[in-house]
Protein chains: 2
Amino acid sequence: MAENKLTLNLDIRSGLPIYTQIVNQIQSQLVNGIIKPGDQLPTVRALAQDLRVNFNTVARAYRILDEARIISTQQGRGTYITEIPPPEVSERLRRESLEALTQRFINEAFRLRFSEKEVSQMVRDSLKLKKEAAVNDDE
Amino acid sequence: MAENKLTLNLDIRSGLPIYTQIVNQIQSQLVNGIIKPGDQLPTVRALAQDLRVNFNTVARAYRILDEARIISTQQGRGTYITEIPPPEVSERLRRESLEALTQRFINEAFRLRFSEKEVSQMVRDSLKLKKEAAVNDDE
DNA sequence: CTACAATGATACAATTAGTACAATAAAAGG
DNA sequence: CCTTTTATTGTACTAATTGTATCATTGTAG
């Protein structure tokens, strides 16, 4: 199987900082399906060497993508694509993806022998906490 | 009697180190009775091969569980679950493990921009379905 | 000239992998 | 039986890989 090497094209004349170009191009390759959730991105050093830039520049791009929850960077392990933040997908697809996520969660909870009551109560509590935290963040 | 093979699910994108995921999942399965005191865990090498990780990673997880007195590792013999932890400790661990599972689920759902309402509704629906399915299984 | 943003250099920390070893159990030989 | 050998299992130490943090340098707008 051919390893899909990430190919980015930097443009000096664009006037955009390198790290911004990296962010943009990874994002667009993601929405175009060239790279997919679960894929591992090149290491900061590998991509830096490929692009002939300092690896801190790549790290900066990765950090931005990480903060946007688009990728997950893990010290000592690497960086991975998470999932496409649902753009304007159909309502049906949206629902199906939530359904799949929820069923995975519930199956796991039941496998661990938690009761229906425990699960629903914990979901209520956690949502409540989450909402309160969100309110505090807005202040 | 089918040998109760330990089943762990690693998630690359969770951001948690592999050894931590192993620790958490063994702990969950213990407090929920899927594995019991006295049970022998897979050898570090067997579990490592199963999970496709280096055996030192499993060994690290086992060492953490050993230090927490949850398991007993014995060079040349194997690894065994120790005695039942006191009920109140067990109950606390049980709750914590459900809480962690639920928060991972909710964080992921929110990251995908689902609303609190959508999440709680879907959990209700899925639990309802699950219950009905369980009733049918009992017949 | 000054200030600030971008990039580079260097040192660091976390995770996982590689290798050799020690303890125990099981098998083999007598 | 008892001893020796071999296999199995966890341990210790080290190395390699990866991202992070901090500060220095550069270049450019104001």
Side-chain angles (χ1 to χ4, degrees), chain A residues 3-6 8-27 35 38-82, chain B residues 3-6 8-26 30 35 38-82:
Chain A
E3 79 277 6
N4 280 350
K5 187 165 162 303
L6 186 64
L8 304 183
N9 297 303
L10 299 186
D11 180 5
I12 306 276
R13 292 163 299 172
S14 73
L16 292 175
I18 296 171
Y19 71 86
T20 304
Q21 296 186 46
I22 295 174
V23 168
N24 290 344
Q25 294 191 32
I26 288 179
Q27 252 175 333
I35 51 182
D39 284 359
Q40 177 166 19
L41 289 177
T43 68
V44 290
R45 284 169 178 84
L47 183 54
Q49 183 168 29
D50 192 36
L51 300 177
R52 328 256 212 140
V53 300
N54 188 275
F55 69 83
N56 284 298
T57 303
V58 176
R60 184 168 178 180
Y62 280 10
R63 185 159 49 84
I64 291 171
L65 290 165
D66 188 279
E67 282 165 1
R69 309 292 191 97
I70 290 169
I71 65 177
S72 164
T73 62
Q74 296 157 46
Q75 184 169 354
R77 283 213 284 159
T79 50
Y80 299 84
I81 307 278
T82 52
Chain B
E3 81 279 4
N4 279 350
K5 189 164 162 304
L6 185 64
L8 303 183
N9 298 304
L10 300 185
D11 179 6
I12 300 268
R13 288 169 284 177
S14 74
L16 295 174
I18 294 170
Y19 69 86
T20 302
Q21 295 187 46
I22 295 173
V23 167
N24 290 344
Q25 294 190 33
I26 288 179
L30 173 60
I35 51 182
D39 283 359
Q40 176 166 20
L41 290 178
T43 67
V44 290
R45 286 171 178 82
L47 183 54
Q49 182 167 28
D50 190 36
L51 299 176
R52 325 249 220 148
V53 300
N54 188 277
F55 70 84
N56 281 301
T57 302
V58 176
R60 182 170 179 178
Y62 279 9
R63 184 158 49 85
I64 291 171
L65 288 165
D66 187 282
E67 283 165 0
R69 310 295 182 91
I70 290 170
I71 65 178
S72 161
T73 59
Q74 297 159 44
Q75 185 169 349
R77 289 181 34 99
T79 306
Y80 300 84
I81 307 281
T82 55

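Chain letters run A, B, ... following the sequence lines, proteins first, then strands; residues in each count from 1. No hydrogens, no waters, no symmetry mates; every other heavy atom, side chains included, goes into these values.
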Practice item. Specify the separation, in whole Å, of atom CG of B:L47 and atom P of D:dT8. Key: 18 Å
Exercise for review: Answer yes or no: are there more than 12 heavy-atom neighbours, outside B:Q40 itself, under 6.0 Å from its atom CD?
Suggested key: yes
Practice item. To the nearest 0.5 Å, tell me how far B:L41 CG sits from B:L47 CG. Key: 8.0 Å
**Study point:** Under 4.0 Å protein heavy-atom contact, by nucleotide of nucleotides 18-23 of chain D - B base, S sugar-phosphate only
**Key:** BBBB--
Check your understanding: In whole angstrom, what separates B:I64's CD1 from D:dG10's C1'?
Key -> 15 Å
Exercise for review: Nearest 0.5 Å please: distance from the OG1 atom of A:T57 over to the CD atom of A:Q21.
Suggested key: 11.5 Å
Review point. Partners of B:R60 by side-chain hydrogen bond (donor to acceptor under 3.5 Å, both in side chains), sequence neighbours excluded?
Key: B:Y19
Exercise for review: Could you tell me which residues satisfy side chain to side chain contact (heavy atoms under 4.5 Å, CB included) with B:A59, sequence neighbours excluded, listed by chain and number?
Suggested key: B:V44
Point to revise | B:R45: side chain to side chain contact (heavy atoms under 4.5 Å, CB included) partners, not counting sequence neighbours | key: B:T43, B:F55
Check your understanding: Within a strict 4.5 Å, meaning less than it, do heavy atoms of the B:D50 and B:L6 side chains meet?
Key -> no
Review point. B:N54 has an atom CG; how far is it from atom C1' of D:dT17, in whole Å?
Key: 13 Å
Review point. First contact, last contact: which nucleotides of DNA chain C are these for chain A, 5' to 3', heavy-atom distance under 4.0 Å?
Key: C:dA6 to C:dT16
Would you list the atom pairs, donor with acceptor, under 3.5 Å between side chains in residues 70-78 of chain A and any protein atom, with sequence neighbours excluded?
residue : atom : partner : partner atom : Å
A:S72   : OG   : A:Q74   : NE2          : 2.9
A:T73   : OG1  : A:D66   : OD2          : 3.1
A:Q74   : OE1  : A:R77   : NE           : 3.1
A:Q74   : OE1  : A:R77   : NH2          : 2.3
A:Q74   : NE2  : B:I12   : O            : 3.1
A:R77   : NH2  : B:L16   : O            : 2.8

